[in-house]
There are 2 protein chains.
Amino acid sequence: MTYEKKIPLRKDCGLHLFKELLNGKWKLMLIYYISTGLKRPGELQRKIGTADRRVLANQLSELVLHGFVSKVIYDTKVPKVEYELTDLGKSLLPVILNLEAWGESNRDVLEKALPV
Amino acid sequence: MTYEKKIPLRKDCGLHLFKELLNGKWKLMLIYYISTGLKRPGELQRKIGTADRRVLANQLSELVLHGFVSKVIYDTKVPKVEYELTDLGKSLLPVILNLEAWGESNRDVLEKALPV
DNA sequence: GCAAGTACGCATAAATTAATCCCTATAAGG
DNA sequence: CCTTATAGGGATTAATTTATGCGTACTTGC
């Protein structure tokens, strides 16, 4: 997580801005699930299932760092944390839905293209 | 390029279908430029500039393999190759434009989020 | 003949991202 | 007391992706 990149970032176009910040394996999915009301780390982890707890935690912390999500830590006896989307995060929802729709409506062809 | 993945692919949702196939650093950009009429490898390479010839060639060959782009090899004395979008490739253009538009319209915020 | 342009490719190194090992701490339920 | 649940973290390894070193072959223009 404290990794300093050696190859300069590409900011030349919107595509690269998107990619530099949202390339993480679960980031878009996390933003989507948070938008549906799953806010707590445990909930998100159970929902995603195949992803390791720490991987999700890393992706979430980057989303916070980059301003897509904010983290609320409650001061309760039993630890409680909730994530919520910032305006920037919300601005991504149409894009995410568009990507998702493209993938689903081409699922047949895409699955054949995937190895094995 | 002949790399066998060890972690099973995720086909569970449209987002992952998209990601598994189009995660490459220059893939979306290549599809976009091809749609604008840049068809030959040399043209594309000069346009992108910062990307190495071989990296672009790899990404293009994957795009061909996965059915987004087709490759036409002309039988001329001086080698000539052209790429063109398949229907599947064309179906991506609205998505690409949407991503690009999101990135550009949030450029100010996004650039501040990027390290250094 | 020689430089520059077309296009391509194998093998390896480097960079980046994701996954895992082995931990802490508190509280509620039984 | 013990199990399960909450949430977390540093250090390391593995997996994946990108970049590079060093070649091929042919043609056109000077």
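In what follows, chains are A, B, ... by sequence order, proteins preceding strands, each numbered from 1. Computed from a predicted model, the values in this text were never measured in an experiment.
- Test A:Val95, A:Asn98, A:Ile96 against B:Trp102 for side chain to side chain contact (heavy atoms under 4.5 Å, CB included) and you get one pass: A:Val95.
- Residues A:Lys19 and A:Glu43 both approach DNA chain D. Their nearest nucleotides, taken by heavy-atom distance, put A:Glu43 toward the 5′ side.
- When the P atom of D:dA15 is taken as reference, atom CG of A:Asp52 falls 15 Å away, rounded to whole Å.
- When all heavy atoms of A:Lys19 and B:Asn23 are compared, the pair lying nearest together is NZ-O, 2.8 Å.
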Contact pattern, 5' to 3', of nucleotides 11-17 of chain C - B, S or - by protein heavy atom under 4.0 Å: ----SBS
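- Here CD of B:Glu20 is found 8.0 Å from CG of B:Leu17. Values are rounded to the nearest 0.5 Å.
- Note on A:Asp12 versus A:Arg10: no salt bridge recorded, every NZ/NE/NH1/NH2 to OD/OE distance being 4.0 Å or above.
- Rounding to the nearest 0.5 Å places OG of B:Ser35 at 13.0 Å from CD of B:Glu84.
- Heavy atoms from other residues, nucleotides or ligands lying under 6.0 Å from OH of A:Tyr32 number 12 at most.
- The line from CG of A:Leu38 to OH of A:Tyr33 is 8.0 Å long, rounded to the nearest 0.5 Å.
- The CG atom of A:Leu56 sits 14 Å away from the P atom of D:dG9 (whole-angstrom rounding).
- Checking the phosphate oxygens (OP1, OP2) of C:dT6, no side-chain nitrogen or oxygen of B:Arg53 falls inside 4.0 Å.
- Listed by residue number, B:Lys77, B:Val78 are the residues of residues 77-85 of chain B with a heavy-atom contact under 4.0 Å to DNA chain D.
- Here A:Lys71 lies in heavy-atom contact (under 4.0 Å) with sugar-phosphate atoms only.
- Atom CD1 of residue B:Ile73 and atom OH of residue B:Tyr83 lie 8.0 Å apart, to the nearest 0.5 angstrom.
- In this structure, the side chains of B:His16 and A:Trp26 come closer than 4.5 Å at one or more pairs of heavy atoms.
- C:dT26 atom C1' lies 15 Å from atom CD1 of A:Ile73, rounded to whole Å.
- Regarding A:Asp75, its CG atom lies at a distance of 19 Å from the P atom of D:dT6, rounded to whole Å.
- At C:dA19, one or more side-chain N or O atoms of A:Trp26 fall inside 4.0 Å of OP1 or OP2 (strictly under the cut-off).
- In this entry the distance linking CZ of B:Arg10 with P of D:dA15 reads 15 Å, nearest Å.
- Phosphate contact (OP1/OP2 of D:dA5, side-chain N/O of A:Arg40, threshold under 4.0 Å): absent.
- Look at CG on B:Leu9: it is 15 Å from P on D:dA15, rounded to the nearest Å.
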